[in-house]
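Here's the structure, in structure tokens; my notes come after.
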Amino acid sequence: MPVLLFALWLAFHERVTLDVIIVGVIAVALVSLFMYRFSGWSTKKDAQMVARIPAALVYVCRLVFEVCKANIHMIALVLSDDPNAKIQPKIVAHKTNVKTQGKRVALANSITLTPGTVTVDVMGDVVFVHAIDEHANAGLSDNPLEKMLENMERNA
Amino acid sequence: MELFRIIAGTVLIVLGLFIFGVATLGLFRFRYVLNRVHVAAKCDSLAVMLICFGLMFFSASIGTILKLLLVIILVWLANPVANHLICKVEVETNEHLEDECEVEGRP
């Protein structure tokens, strides 16, 4: 985490000079010290996070692909003659096997970004989803992103 | 190389603007909040990403590129959450939800 903070600091400064580095090191040290002490950061969690980076990158790539698909679907729908006639909106309660809180947040946000579905609410392990047509509703049960999240959980 | 950069940047920005245009049109073509949110949720995030990638081709320094990357991350995190809140308020406050769509389960 401190490395990430320092990279962010350098990114905001756009130049690498001695004064920037010195102030940066002091600021990052203070913030990290505070967070490790009071906010539950630990080197063990950091190591876990680093180990998860490859899986997360694959996930993000897949997410971008799904968003492109969703946009093509949406553009076709908006530019068709009568979009209101072509949809059968429905609110579905979808039960998920994803356990951890953070991954559920990722799942809810991913469902919003995948074709034809928007998350309305998450309550425990039930995600309430607004699906715009039958096709999107059917696609919800075999969502590739959800499978990836479950796999990540099993391997963690 | 210079030419390639300009062409790639322009194509990405124009594509992003096109998607933004469609999203705005979509907001007016659908008649109900929950259907409109679909357009806003999906098109905005992709359009912002495309425009930021396009701007990256035009930017001179690595710092600007990293900042644009941060903009993309922020929008991709904030956009679904904002849409999710709009949906939640609509579902929880609309008493005649069944008139607009089938309801299988309700929070």
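Every chain is numbered from 1 and lettered A, B, ... according to where its sequence line falls, protein lines coming before strand lines. Computed from heavy atoms alone, side chains included, the values below leave out hydrogens, waters and symmetry copies.
Contact detail for L46(B) and C68(A): the closest heavy-atom pair is CD1-SG, 4.0 Å. Across all non-hydrogen atoms, the minimal contact from M74(A) to V39(B) is CE-CG2, 3.9 Å. In terms of heavy atoms, E92(B) sits closest to D121(A) at OE2-OD2, 4.0 Å. Nearest heavy atom pair, residue V122(A) against residue H84(B), reads N-CE1, 4.5 Å.
Annotation: side chain of N109(A) is not in contact with side chain of W76(B) (no heavy-atom distance under 4.5 Å). When side chains are defined from C-beta on, N35(B) counts as touching H130(A), because their heavy atoms get closer than 4.5 Å. Between C87(B) and T119(A) there is no side-chain heavy-atom pair separated by less than 4.5 Å. Considering only heavy atoms from C-beta on, T112(A) stays 4.5 Å or farther from V37(B) through its side chain.
Heavy atoms of T114(A) lying under 4.5 Å from chain B belong exclusively to its backbone. Of the atoms belonging to I111(A), not a single heavy atom falls under 4.5 Å from chain B. Heavy atoms closer than 4.5 Å to chain A are found in both the backbone and the side chain of L25(B). Using a 4.5 Å cut-off between heavy atoms, L70(B) touches chain A through its side chain atoms alone. At a 4.5 Å heavy-atom cutoff, V89(B) makes no contact with chain A through either its backbone or its side chain. Proximity to chain A involves both the backbone and the side chain of K88(B), based on heavy atoms less than 4.5 angstrom apart.
Chain A forms more heavy-atom pairs under 4.5 Å with one residue of A47(B), S61(B), C43(B), S45(B) than with any other, namely C43(B). Chain A forms the most heavy-atom pairs under 4.5 Å with one residue out of I86(B), T64(B), I65(B), and that residue is T64(B).
Tracing side-chain contacts under 4.5 Å through hydrophobic residues (I, L, V, M, F, W, Y), one reaches V64(A) starting from F53(B); they form part of the same cluster. Hydrophobic cluster membership is shared by L3(B) and V11(B), with clusters built from Ile, Leu, Val, Met, Phe, Trp and Tyr side chains linked at under 4.5 angstrom. Criterion: ILVMFWY side-chain heavy atoms under 4.5 Å apart, direct or through other members. Under it, V14(B) and I72(A) are not part of a common hydrophobic cluster. Note on F18(B) and V78(A): same hydrophobic cluster, where clusters join Ile, Leu, Val, Met, Phe, Trp and Tyr whose side-chain heavy atoms are under 4.5 Å apart, directly or indirectly. Hydrophobic clustering, with ILVMFWY side chains joined whenever heavy atoms are under 4.5 angstrom apart, groups L17(B) together with F58(B).
In this structure, CG in L113(A) is found 7.0 Å from CG in N79(B), a value given to the nearest 0.5 Å.
Listed for the R29(B) side chain is no donor-acceptor partner under 3.5 Å among the backbone atoms of L77(A).
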